[in-house]
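A note on names: the letters A, B, ... follow the listed sequences, proteins ahead of strands, and every chain is numbered from 1.
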Amino acid sequence: MFLKVLLVLLLGAGVAYYEVPKLQQKRELMVFSCFLLIGLIMALALVLNIPLPNPTNAIEFIFGPLVRLLYPG
Amino acid sequence: MSGQFMRPLKKPKKSAEIRKQRINARLEQIQPDTELLKQPISPVLDHNVELFKKMFAETSDFVVRQFHFGSNREIRVALIFIDGLVDRTSISESIFTPFMMKTLENGEQEIVPQNPYDLILNWLVTFYSVKEEVEIGKLLDLLLAGFAILFIDGAAKALAIEVKGWAMRSVEEPKAESFVRGPREGFTETLRVNTALIRRRIRTPKLRFDMLQIGSVTKTDVCVAYIDGLVNPATVKEVKQRLERIDTDSILESGYLEDFIRDNYRTPFALLDRTERPDKVAGCLVEGRVAIMVDNTPFVLIVPAVFSGFLQSPEDYYEAHDYIRPLRWVALFLTLTLPSFYVALTTFHQEMIPGSLALSMAVGRAGVPFPAVVEALLMEITFDLLREAGTRMPRSVGQAVGVVGALVLGQAAVAAGIVSPFMVIIVALTAIASFLIPNYSASIAIRYLRYPILLLAGSFGLLGVFWGLMLLLLHLASLRSFGVPYLYPISPAVPGEWQDVFYRAPWWAMDRRPRLFRSPNIIRQAPGQRPEPPENQSQAQRNSGAQEQDKQQHDQTGKGQG
Amino acid sequence: MAIEQGKISNWQALLLVSNSILASMVLITPALLTKEAGQDAWLSVLIAGLLGYLIGLFVVSLGLRFPEKNLVEYSIDLLGPWFGRAVCIIFALFFLHVNAYLVRAFSVLLITETIPDTPFSVLNILLVILVAYGVYLGLEVFSRVNEIIFPLFMLAGLIIFALAAPEMDFEQLKPYLTHSFSGILWGSLILASFYAEGSFLLMLIPSLRNPKDARRIVLPVSLILLAVISIDVVGLISLFGAQETSRMLFPTFELAKTVSLGAFVERIESLVVGLWVSSVSLKIMAFYYVSVLILAEVFKLKDYRPLVLPYAFILVVLSVIGWEDTNHVRFYLSRYYPLVAVTVMTGTTLFLYIASSFRRNDKKGGETQ
């Protein structure tokens with residue numbers, strides 16, 4: 001578990017180290033950091049077995065009535 | 001606004017000016033004063049001689065010969081040259097003999113001291129190539145290139161006589177690329193000889209050899225060769241720009257240049273082709289490519305290069321064996337993946353091996369203590385060791401290495417049960433396949449890429465192999481050589497040019513130059529030159545028997561005589 | 001304004017779109033189709049082929065109204081900066097989700113068929129690394145690779161089907177038309193959802209070398225897809241029967257297992273998996289690229305590359321948490337995905353198309369007045 005967390009963090013740091021020097025605008029840096037942060041948080045949650053909201057469930061919830069209406073049988 | 005708020009994340013370039021100054025300061029230690037070099041020589045002979053003596057200090061191969069001549073020995077001259085770079089017979093025949101013998105005769109020509117310079121130039125130096133120079137720096141360059149410099153007292157000009165001549169290898173058969181059929185000549189270490197070898201093959205004034213000098217210490221002559229009108233001018237311009245950007249102290253081989261001018265340094269693949277065969281260079285020039293020739297090495301660089309070019313050998317174009325090309329593609333694939341496939345199949349997908357074969361393989365592997373990956377790695381590394389040893393050793397020792405490799409490491413390893421006999425077969429096959437790749441640089445790249453794929457095969461089976469191949473393919477597709485996609489014409493696919501990639505079409509079918517070099521003159525030859533037997537003759541053969549034909553011929557000859 | 005992304009020829013675009021639809025379609029849909037439509041699945045295929053052609057025409061017509069601009073730019077033009085961006089983000093997120101199910105399907109296939117002992121997150125990561133590398137290298141590079149891989153993929157498929165042909169029994173296709181029409185329609189909806197994935201072309205039209213001729217790739221693509229998927233479905237039904245096919249997870253793959261040539265070529269399914277890895281990774285690359293490109297445009301970045309690696313993290317996690325197990329993937333694909341894909345992709349296209357028509361009429365009206 002600890003090893004996996006370390007691995008995720010190291011990977012994230014590696015990505016940041018690789019990309020950040022290439023970013024010259026503030027906007028680019030912001031967007032990049034946001035995305036990386038989302039990715040890292042998700043990865044950490046996965047590694048630590050913290051339940052994440054599942055987009056598939058959300059889609060199934062939204063489209064549920066439509067499917068029930070249209071699906072034959 | 002945002003620029004002020006955030007400091008620029010990229011560091012400013014680290015004082016390039018200061019670095020440049022430092023480099024220049026270092027250069028001055030090895031080079032005479034740059035100011036001095038731009039000055040003209042003095043009319044006083046002794047000044048000039050002293051100057052050069054000081055520059056060369058006590059160097060043993062710097063020779064100064066001062067003498068007087070004329071009817072009354074009143075004209076003083078000095079000849080300086082670098083011993084070993086000049087031809088001694090030329091010097092004595094075209095300089096010393098006329099000066100000392102002719103002036104003694106003193107027959108019709110009176111040696112008058114009023115204008116000794118013209119006299120010497122027009123009457124005495126009996127050598128065909130003479131230059132007049134004034135600047136000290138230029139004289140120095142000529143001196144170091146093998147010219148003899150003649151200073152004349154009272155003249156503010158010096159004569160540089162091109163009596164170059166040094167010990168050099170004669171034109172021999174290239175060692176690294178040997179053929180069954182084709183010219184046996186290879187390039188030598190002398191640039192001028194090499195340009196002549198190309199010029200002899202391409203007799204057009206459009207063939208250009210543009211010279212550059214690279215290397216602050218070595219001052220190596222570099223020659224950009226191309227055929228004007230066939231080459232894309234943009235390519236030549238790009239080549240020259242890249243070469244002119246180079247700022248280094250020494251260029252000892254064309255490999256130095258290769259590193260400086262290649263498009264992408266993070267790749268094991270050669271992005272420039274190189275050869276020591278003049279016929280190959282000539283062929284490439286006619287295709288509209290550019291050759292970069294470097295003095296002191298027989299290896300000539302050719303740009304742009306494409307991946308498929310590394311599977312082509314000039315011999316393909318001389319001998320009509322069309323099946324060699326497909327064979328090389330197979331060999332390429334085997335070199336890259338054969339051990340990996342073996343490992344993947346034996347460790348992960350035994351079901352894919354036919355039953356009886358699987359059985360004998362299992363028997364062969366029965367006593368082997370390692371997993372197949374380790375076994376394969378062991379054998380492959382051993383083989384690479386052997387090959388390296390064999391290549392670098394003198395030939396006699398190289399043979400011994402081969403024997404040791406085959407007997408001791410092959411047979412004994414199997415007998416000892418360290419490796420299975422199948423693995424030996426696989427490794428041997430891989431090795432032989434790798435010899436089929438004609439280009440040494442390309443075969444090195446492929447050989448070393450075997451290892452990562454082998455490791456992938458050992459950990460993920462066939463999935464790993466395909467994963468690795470896919471990564472490799474992506475990498476190859478991303479490469480460019482002087483703007484040309486490296487995988488051309490496979491992708492971007494130009495099926496019309498596959499006739500020179502997957503097989504070699506007859507010459508009459510290849511009536512266009514490869515499109516990728518963007519030659520302004522794409523048509524190579526007239527189309528429709530496919531040879532056909534003359535119509536009349538074939539009809540005659542079909543319609544009439546041999547006897548009748550004989551008779552007809554008789555009749556015809558009779559008529560002709562009559 | 002637009003991010004410089006390299007140019008691809010229309011031929012490359014044709015192959016890329018074909019591959020991006022086919023790679024998963026040939027493997028996943030036959031089982032779902034035969035479940036809904038039984039041995040009448042071929043009818044679903046034909047209906048879906050027509051639908052797909054219409055969708056394609058639609059997509060290209062929309063793209064050609066703004067040949068110089070990409071999806072994000074003209075969405076903003078048409079719908080305003082906020083609503084336009086929102087639509088594009090939905091587009092991008094949809095492709096993210098598509099990628100997630102593709103990655104998941106990939107590892108499901110590998111684990112059930114070739115390397116059962118590997119944890120599937122490892123396979124997901126492996127695939128995403130490959131894909132991210134390709135996307136990082138850019139559109140030109142992976143479309144060039146696709147130019148090599150897709151014909152090979154097709155050739156291999158053809159050979160496998162030809163080798164399996166002697167075993168096929170076309171009587172299995174009978175009796176004709178016994179299934180309910182609604183089932184057949186739903187089957188064609190499943191296929192149409194894969195066709196709808198082709199809408200990613202919207203983002204690529206400005207990078208075509210000849211955007212004017214984009215319309216001419218629709219018919220070849222539709223025909224290739226129709227031919228391949230009909231051979232696939234008909235071949236599978238006549239080999240295994242509709243019942244059997246619908247129970248399998250990856251029937252096309254099962255077909256490869258039955259192939260043997262002499263005594264030497266047997267069980268070549270691992271080779272098939274290998275080729276499929278290349279093909280599906282190219283498919284994911286295309287969607288990954290489009291999705292990252294849209295995000296970069298939406299957030300006004302100069303280059304899409306900074307987003308590639310963070311996106312990889314998100315993709316891996318989504319592919320792991322998105323579905324509980326293989327059955328869930330299958331259930332999602334057969335029930336929800338058709339509606340989701342058709343609604344999001346075709347709905348968006350339609351919406352933008354109508355909006356652009358209005359705008360055009362407005363303009364025309366304005367000009368005449």
Extract all donor-acceptor atom pairs below 3.5 Å that involve side chains of residues 340-348 of chain C and protein atoms in other chains or at least two apart in sequence.
residue: C:T343; atom: OG1; partner: C:L339; partner atom: O; Å: 2.3
residue: C:T346; atom: OG1; partner: C:V342; partner atom: O; Å: 3.4
residue: C:T348; atom: OG1; partner: C:V344; partner atom: O; Å: 2.1

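- Heavy atoms closer than 4.5 Å to chain C are found in both the backbone and the side chain of A:L70.
- Judged as a side chain to side chain donor-acceptor pair (under 3.5 Å), and not counting sequence neighbours, the contacts of C:S319 are C:N124.
- The side chain to side chain donor-acceptor pair (under 3.5 Å) test applied to C:Y136 returns A:E19, A:K22, not counting sequence neighbours.
- Here A:R27 contributes atom CZ and C:K302 contributes atom NZ; the two are 11.0 Å apart, rounded to the nearest 0.5 Å.
- Using a 4.5 Å heavy-atom threshold, the side chains of A:F32 and C:F299 count as separate.
- Nearest heavy-atom pair, A:L23 versus C:P306, reported as atom, atom and distance to 0.1 Å: CD2-CG, 3.5 Å.
- For A:L37, no part lies under 4.5 angstrom from a heavy atom of chain C.
- Ranked by heavy-atom pairs under 4.5 Å with chain A, the list C:L315, C:L93, C:L307, C:V316 is led by C:L307.
- For chain C, the nearby part of A:L46 is the side chain; its heavy atoms alone come within less than 4.5 Å.
- For C:L189, no part lies under 4.5 angstrom from a heavy atom of chain A.
- A pairwise comparison of heavy atoms in A:G39 and C:I314 identifies CA-CG1, 3.6 Å as the closest pair.
- The side-chain heavy atoms of A:I38 and C:P310, taken from C-beta on, include no pair separated by under 4.5 Å.
- Residues of residues 55-62 of chain A having a heavy atom under 4.5 Å from any heavy atom of chain C, listed by number: A:P55, A:T56, A:N57, A:I59, A:E60.
- Between C:F313 and A:M42 there is no side-chain heavy-atom pair separated by less than 4.5 Å.
- Atoms CG and CD1, from A:N54 and C:I321 in turn, are 5.5 Å apart once rounded to the nearest 0.5 Å.
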Q) Would A:F35 and C:L309 count as a side chain to side chain contact (heavy atoms under 4.5 Å, CB included) if you check the C-alpha gap in whole Å, the side-chain angles of each, and the deciding distance to 0.1 Å? A) CA-CA 9 Å; A:F35 271 88; C:L309 296 175; over 6 Å; no
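- Within 6.0 Å of the CG atom in A:L3, the count of heavy atoms belonging to other residues, nucleotides or ligands does not exceed 12.
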